[in-house]
Structures are given as structure tokens and as C-alpha cells.
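Take a look at the structure set out below.
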Amino acid sequence: MGRKVTRALNSNPMVEMVDIPDIQLYVYRGFLPEADCQILIDKIDEKAEPSSLYKGTEQEGFRTSYSCHLNRWESDIDRIEKRISALMGIDNDYAETMQGQRYQIGQEFKAHHDFFHPAQDYWKQEELRGGQRSWTAMIFLNNVPAGGATEFPHLKIGVRPERGTLLMWNNMAVDGKPNYKSLHSGTPVVEGTKYIITKWYRQNNWVKLTGSG
Ligand SMILES: O=C(O)CCC(=O)C(=O)O
Ligand SMILES: [Fe+2]
């Protein structure tokens, strides 16, 4: 999957590759038009509840945002999701249910990996439900006056929230194993509110394997 995505992104003139050897990280500024950002923000405001972490990995203060699942069978969500997947060259059914997140002042998502840690209990189950989370696609839905950047501490890089910017990175290394350098955080919002969507692609067809969506 990695190679197919790389080919799709490298050949697209709108997509910038961040030139860091330790990770495949891409940015597409102005990907999502304002009207679509607003549609997603409204849905997040309507549905968001305190965010959760995987059972057994909960830690107080680790992920303080509000989040929600976005229903892939709704036409606006379907259209937006498929635009992202088409850009990346991945079948949208490989993606889990897209999540919307909202961070108010002081809220954050501390440094974590999006891939499943194979030593954790949940892995045995998730392995059968689509395997690893390979690529992450994330869109900033609004401008945040201060704070709220997505930072990759091992790579010494941060991306400031700007409406419509799509970030994409591979959580796997070139050998197909989890890339520990993909560690990242949503830093605390200092001023304003931050809205994002996150989409995690599995290595196999998640919709088919889980019968859900
Ligand atoms: O809020 C951010 O900038 C990062 C979000 C994130 O890492 C995630 O949802 O997995
Ligand atoms: Fe993440």
C-alpha cells in the first residue's frame, strides 16, 4: 500500500512532500474548501463528546479534546472521504470511520503513535479487524489564532492549523513495520478553538472485515 500511495502523492503537483528521511509526510494546503470545512465543523459541534482512548491505555489528561464519529453513509461525508481516498489512491473501505475532533483552550492530544502497539491487549483483535493503521489523513478545518499545532517531536517539525490543510503521513516504515518516529501530538490550544478530522487507513479492507462503517 505504501508504494501505491507514494506514487499517487508524488505525482500530484498540489501535494508537497516534507523532505525528512525518517517518515513519509505530505501536506496539501487548501485541500478542503471553506464550505466543506464548515459542514464538518457543524457536525462536530452537533455530535462531539469527550474523546476516548483504547481500553486499557487510558491516562488522565492525555486526550482532552471532544470527538465524534462521522457517518460514512451520509452523502457529504461520503463525498469528502472519497475525495481524500482518491487523492491518496486507497480504496475508502480501508479507512475506519472518520473522526471529528474539537479542542478548546488548553485541550490537547499528547504525544502518541496512531499505529497499534503489538504488545497491547487490543492488538490481537485489531489484527483481525483490518490490521495496522498505516496512513493517517488529517484536515485542519479552521484557523487557530495560537497553539494547536500538530508536532512530531522526533522529526522536529510542527504544522500550524490552517483551514483546509490536509496532512498525510505513513505510520509504517519502509519495511512495513510500525515507525516509532511517527510519534506526534496535538499541542494545547492557546487561543480560539481547533477543529480537525482524522482518518486512519488500515492495511486491509476495514469495512468488509468488520461489517461496519
Ligand atoms: O490534533 C492533532 O493535531 C493531532 C490529532 C491526532 O494525532 C489524532 O487524532 O490521531
Ligand atoms: Fe494521532
Side-chain angles (χ1 to χ4, degrees), residues 5 9 12 14-18 25-53 62-88 90 92 94-112 114 133 135-152 157-171 182 184-201 213:
V5 178
L9 297 180
N12 189 321
M14 302 303 289
V15 176
E16 296 164 45
M17 185 186 79
V18 180
L25 172 63
Y26 294 87
V27 185
Y28 186 151
R29 290 177 209 283
F31 170 78
L32 199 66
E34 188 175 349
D36 283 342
C37 290
Q38 196 56 51
I39 287 173
L40 295 173
I41 287 173
D42 290 345
K43 286 201 192 288
I44 294 169
D45 276 336
E46 189 189 307
K47 299 174 76 165
E49 292 181 0
S51 302
S52 58
L53 289 167
F62 195 84
R63 188 186 189 196
T64 52
S65 61
Y66 275 57
S67 55
C68 62
H69 287 127
L70 296 162
N71 181 354
R72 76 199 307 138
W73 311 113
E74 283 178 23
S75 63
D76 281 326
I77 303 296
D78 176 71
R79 174 176 56 78
I80 293 167
E81 286 204 48
K82 285 189 176 152
R83 228 193 115 209
I84 303 168
S85 295
L87 174 87
M88 299 179 76
I90 312 177
N92 195 53
Y94 279 55
E96 293 176 32
T97 302
M98 187 160 83
Q99 286 206 14
Q101 293 191 67
R102 181 184 65 207
Y103 300 80
Q104 271 151 348
I105 292 174
Q107 295 183 338
E108 65 181 317
F109 193 169
K110 289 204 170 125
H112 64 278
D114 285 351
R133 283 179 171 158
W135 285 81
T136 299
M138 203 191 111
I139 302 176
F140 295 109
L141 302 174
N142 68 324
N143 299 322
V144 180
T150 305
E151 287 186 357
F152 294 80
I157 178 175
V159 181
R160 244 178 287 130
E162 233 175 78
R163 186 175 60 218
T165 294
L166 166 64
L167 278 188
M168 296 157 281
W169 67 86
N170 192 354
N171 297 292
S182 66
H184 58 277
S185 62
T187 58
V189 169
V190 175
E191 198 186 328
T193 303
K194 169 184 169 186
Y195 290 88
I196 58 165
I197 58 91
T198 325
K199 201 165 156 59
W200 293 296
Y201 290 93

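Values below: all heavy atoms of this structure, side chains included; hydrogens, waters and symmetry mates excluded. All figures in this text were calculated on a predicted structure; none of them were measured in a lab.
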Might you work through the side chain to side chain contact (heavy atoms under 4.5 Å, CB included) test for V18 and I157, ending with a clear yes or no? CA-CA 10 Å; V18 180; I157 178 175; 3.4 Å; yes
L9 and M17, any side-chain heavy atoms less than 4.5 Å apart: no
Closest non-hydrogen atom pair, T150 against M138: OG1-CE, 3.3 Å
Kindly compute the distance separating OG1 (T193) from CZ (R102), expressed to the nearest 0.5 Å. 7.5 Å
Inter-residue atom distance K110.NZ - F62.CZ, 0.5 Å rounding: 8.0 Å
Determine, step by step, whether Q101 and R63 satisfy the side chain to side chain contact (heavy atoms under 4.5 Å, CB included) criterion, reporting the C-alpha distance in whole Å, the side-chain angles of both residues, the deciding distance to 0.1 Å, and the verdict. CA-CA 11 Å; Q101 293 191 67; R63 188 186 189 196; 3.3 Å; yes
Scan side-chain atoms only and decide if E108 and S185 contain a donor-acceptor pair under the 3.5 Å cut-off. no
When you check the side-chain N and O atoms of Y94 and S85, is any donor under 3.5 Å from an acceptor? no
Rounded to the nearest 0.5 Å, what separates atom CD1 in I105 from atom CD in E191? 7.0 Å
Can you confirm whether more than 12 heavy atoms, excluding those of E74, are under 6.0 Å from its CD atom? yes
Within a strict 4.5 Å, meaning less than it, do heavy atoms of the D36 and L141 side chains meet? no
Do K43 and I77 come close enough that some side-chain heavy atom pair is under 4.5 Å? yes
Is there a side-chain contact between Q107 and V189 (heavy atoms, below 4.5 Å)? no
What are the two closest non-hydrogen atoms of P145 and G192, and how far apart are they? CD-CA, 4.0 Å
Check: H69 main-chain N/O paired with K47 side-chain donor or acceptor under 3.5 Å: yes
Answer yes or no: is there a side-chain heavy-atom contact under 4.5 Å between T165 and R160? no
Please find the pair of heavy atoms, one from F140 and one from C37, that lie closest to each other, and give the distance. O-SG, 4.5 Å
Does any donor atom in the side chain of D114 or S182 lie under 3.5 Å from an acceptor atom in the other side chain? no
How many angstroms lie between atom CD1 of I44 and atom CD1 of I196, to the nearest 0.5 angstrom? 8.0 Å
Give me the atom names and distance for the closest heavy-atom approach of A149 to K194. O-NZ, 4.4 Å
Give a yes or no on whether the backbone of E81 and the side-chain of R72 come within a donor-acceptor separation of less than 3.5 Å. no
Below 4.5 Å, heavy atoms only, C-beta onward: do L32 and I197 meet side chain to side chain? no
For the pair H184 (side chain) and A111 (backbone), establish whether a donor and an acceptor sit closer than 3.5 Å, ignoring hydrogens and angles. no
Does the pair L25 and F152 meet the rule for a side chain to side chain contact (heavy atoms under 4.5 Å, CB included), with working shown? CA-CA 11 Å; L25 172 63; F152 294 80; 4.2 Å; yes
Look up atom OH in Y201 and atom CG in N92, then write down how far apart they are to the nearest 0.5 Å. 5.5 Å
Between I84 and A137, what is the shortest heavy-atom contact and its length? CG2-CB, 3.9 Å
Please check: side-chain N/O of N143 versus main-chain N/O of R163, any donor-acceptor pairing under 3.5 Å? yes
Any donor-acceptor N/O pair, S51 side chain to S65 backbone, under 3.5 Å: yes
Are side-chain heavy atoms of V15 and L87 found at a separation under 4.5 Å? yes
Contacts of W135 that satisfy ring-ring contact (aromatic ring centres under 6.0 Å, His included) - sequence neighbours left out: none
Does the side chain of D45 reach to within under 4.5 Å of the side chain of Y195, using non-hydrogen atoms? yes
Which of parallel (below 30°), tilted (30 to 60°) and perpendicular (above 60°) describes Y28 and F31? perpendicular
For the atom pair CD1 (I39) and CD1 (I80), what is the distance rounded to the nearest 0.5 Å? 5.5 Å
